[in-house]
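Written below as structure tokens is the structure these notes are about.
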Amino acid sequence: MNLTVESPNTSQLIRTAWWLSLLTIAYNIAEGLVAVWQGWEDESLTLFGFGVDSFVEVSSAIGIAYMVFRMQKNPVAGRSDFERQALQITGWGFYVLTAGLTASALYNLYIGHRPENSFWSVVISSVSISIMWLLIRSKERVGRALNSAPIMADAACARVCLYMSGILLLSGGLYALTGFAYADAIGALGLAWFSYREGKESFEKARGGSCGCDHCEA
């Protein structure tokens with residue numbers, strides 16, 4: 001972990017990082033509950049998978065929150081076993097989600113399944129894009145100020161969540177506007193691809209790499 005501790009604002013920045021991590025956990029739980037419920041009600045695989053992804057993200061966010069908590073006690077401490085285990089659990093969660101989304105999407109493509117509607121897909125993805133954008137900006141600002149590779153990597157992961165929200169919005173919007181039968185299944189395959197990437201990167205970080213999502217620090 002690269003962390004500059006000389007700045008007089010370090011304590012305040014770490015507290016900000018702590019609250020951002022808690023906000024990330026709370027938001028992902030709320031988003032996951034609504035998306036899974038509405039995805040089930042609307043028979044939308046993309047929306048349901050998006051909700052499950054939010055729950056998987058919670059385990060990663062808990063690891064980050066614990067890391068920031070340790071930073072308050074000892075800014076130069078290395079990665080703990082708890083954080084490695086959280087990353088491994090997150091990685092397996094993403095792999096399971098990838099397999100489930102891929103199998104279900106291919107089946108839905110085969111039978112030509114259509115969701116009941118895509119209203120909530122558009123609403124939830126629009127809210128998620130707004131929240132994720134604010135979180136990314138805040139985490140990047142704090143991460144740069146602290147010179148913290150893990151916080152910058154967490155911001156990069158939030159950016160991947162932003163991309164997934166975009167897939168949900170495109171899928172739901174396309175279906176709402178055109179009624180294209182395969183929009184939902186294709187959107188689910190897009191989520192599966194990003195879930196696989198996130199799972200792979202979680203295991204890389206658990207092994208001690210400083211790369212996360214689309215961000216690396218030497």
Side-chain angles (χ1 to χ4, degrees), residues 24-62 86-133 135-136 156-203 212-214:
T24 301
I25 293 170
Y27 176 74
N28 276 320
I29 291 174
E31 179 183 76
L33 288 171
V34 175
V36 165
W37 174 47
Q38 285 300 150
W40 181 269
E41 289 290 317
D42 295 344
E43 298 184 12
S44 170
L45 178 60
T46 305
L47 181 55
F48 185 85
F50 183 79
V52 175
D53 173 81
S54 297
F55 288 127
V56 177
E57 293 283 356
V58 170
S59 61
S60 177
I62 289 173
L87 286 167
Q88 289 170 348
I89 291 171
T90 301
W92 283 116
F94 279 128
Y95 280 163
V96 170
L97 177 59
T98 298
L101 282 174
T102 301
S104 300
L106 292 176
Y107 177 72
N108 284 356
L109 283 171
Y110 176 73
I111 67 174
H113 174 75
R114 295 169 177 259
E116 292 292 326
N117 66 74
S118 60
F119 172 79
W120 283 106
S121 294
V122 173
V123 171
I124 292 171
S125 60
S126 298
V127 172
S128 180
I129 287 171
S130 300
I131 298 296
M132 285 297 112
W133 183 80
L135 284 174
I136 290 166
C157 288
R159 192 174 296 279
V160 173
C161 295
L162 183 68
Y163 300 153
M164 296 176 80
S165 300
I167 289 176
L168 178 62
L169 179 59
L170 288 173
S171 172
L174 179 63
Y175 184 75
L177 292 173
T178 68
F180 180 52
Y182 303 125
D184 185 59
I186 293 172
L189 289 174
L191 292 186
W193 165 247
F194 278 111
S195 293
Y196 170 76
R197 282 186 55 191
E198 288 196 89
K200 180 180 178 181
E201 287 148 2
S202 292
F203 280 113
C213 299
D214 57 0

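Counting from 1, the numbers follow the sequence of the chain as shown. Note that the structure is predicted; figures quoted are calculated from it, not measured.
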List the atom pairs, donor and acceptor, that lie under 3.5 Å between side-chain atoms in residues 176-190 and the rest of the protein, sequence neighbours left out.
| residue | atom | partner | partner atom | Å |
| --- | --- | --- | --- | --- |
| Thr178 | OG1 | Leu174 | O | 2.7 |
| Thr178 | OG1 | Phe180 | N | 3.2 |
| Asp184 | OD1 | Ser44 | OG | 2.9 |
| Asp184 | OD1 | Thr46 | N | 3.2 |
| Asp184 | OD1 | Thr46 | OG1 | 3.0 |
| Asp184 | OD2 | Leu45 | N | 2.8 |

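- Annotation: the span from Ser165 atom OG to Arg159 atom CZ amounts to 12.5 Å, rounded to 0.5 Å.
- In terms of heavy-atom proximity, Phe55 sits nearest to Gly32 at CZ-C, 3.4 Å.
- A side-chain contact (heavy atoms from CB on, under 4.5 Å) with Leu169 is found for exactly one of Ser128, Ser126, Ser121, namely Ser126.
- Using a 4.5 Å cut-off on side-chain heavy atoms (C-beta onward), Val127 and Tyr27 make contact.
- Looking at Thr102, its side chain never comes within 3.5 Å of a backbone N or O of Ala99 through a donor-acceptor pair.
- Applying the side-chain hydrogen bond (donor to acceptor under 3.5 Å, both in side chains) rule to Thr90 yields the partners Ser59; only residues at least two apart in sequence or on another chain are considered.
- With sequence neighbours excluded, the residues forming a side-chain contact (heavy atoms from CB on, under 4.5 Å) with Leu97 are Val52, Asp53, Leu101, Ser195, listed by chain and number.
- By the 4.5 Å heavy-atom criterion applied to side chains, Glu41 and Trp120 are not counted as neighbours.
- A pairwise comparison of heavy atoms in Gly172 and Val122 identifies C-CG2, 3.9 Å as the closest pair.
- Checked against side-chain contact (heavy atoms from CB on, under 4.5 Å), Val34 has the following partners two or more places apart in sequence or in another chain: Gln38, Ile124.
- Looking at residues two or more places apart in sequence or on another chain, you find a side-chain contact (heavy atoms from CB on, under 4.5 Å) between Trp133 and Arg137.
- Taking the six-membered ring for Trp, Phe94 and Phe194 have ring centres at least 6.0 Å apart.
- Open room surrounds OH on Tyr196; 12 or fewer heavy atoms of other groups in view lie less than 6.0 Å from it.
- Leu162 meets the side-chain contact (heavy atoms from CB on, under 4.5 Å) test with Ile129, Met132, Ile136; sequence neighbours excluded.
- With rounding to the nearest 0.5 Å, the separation of CG in Asp42 from CG in Asn117 is 4.0 Å.
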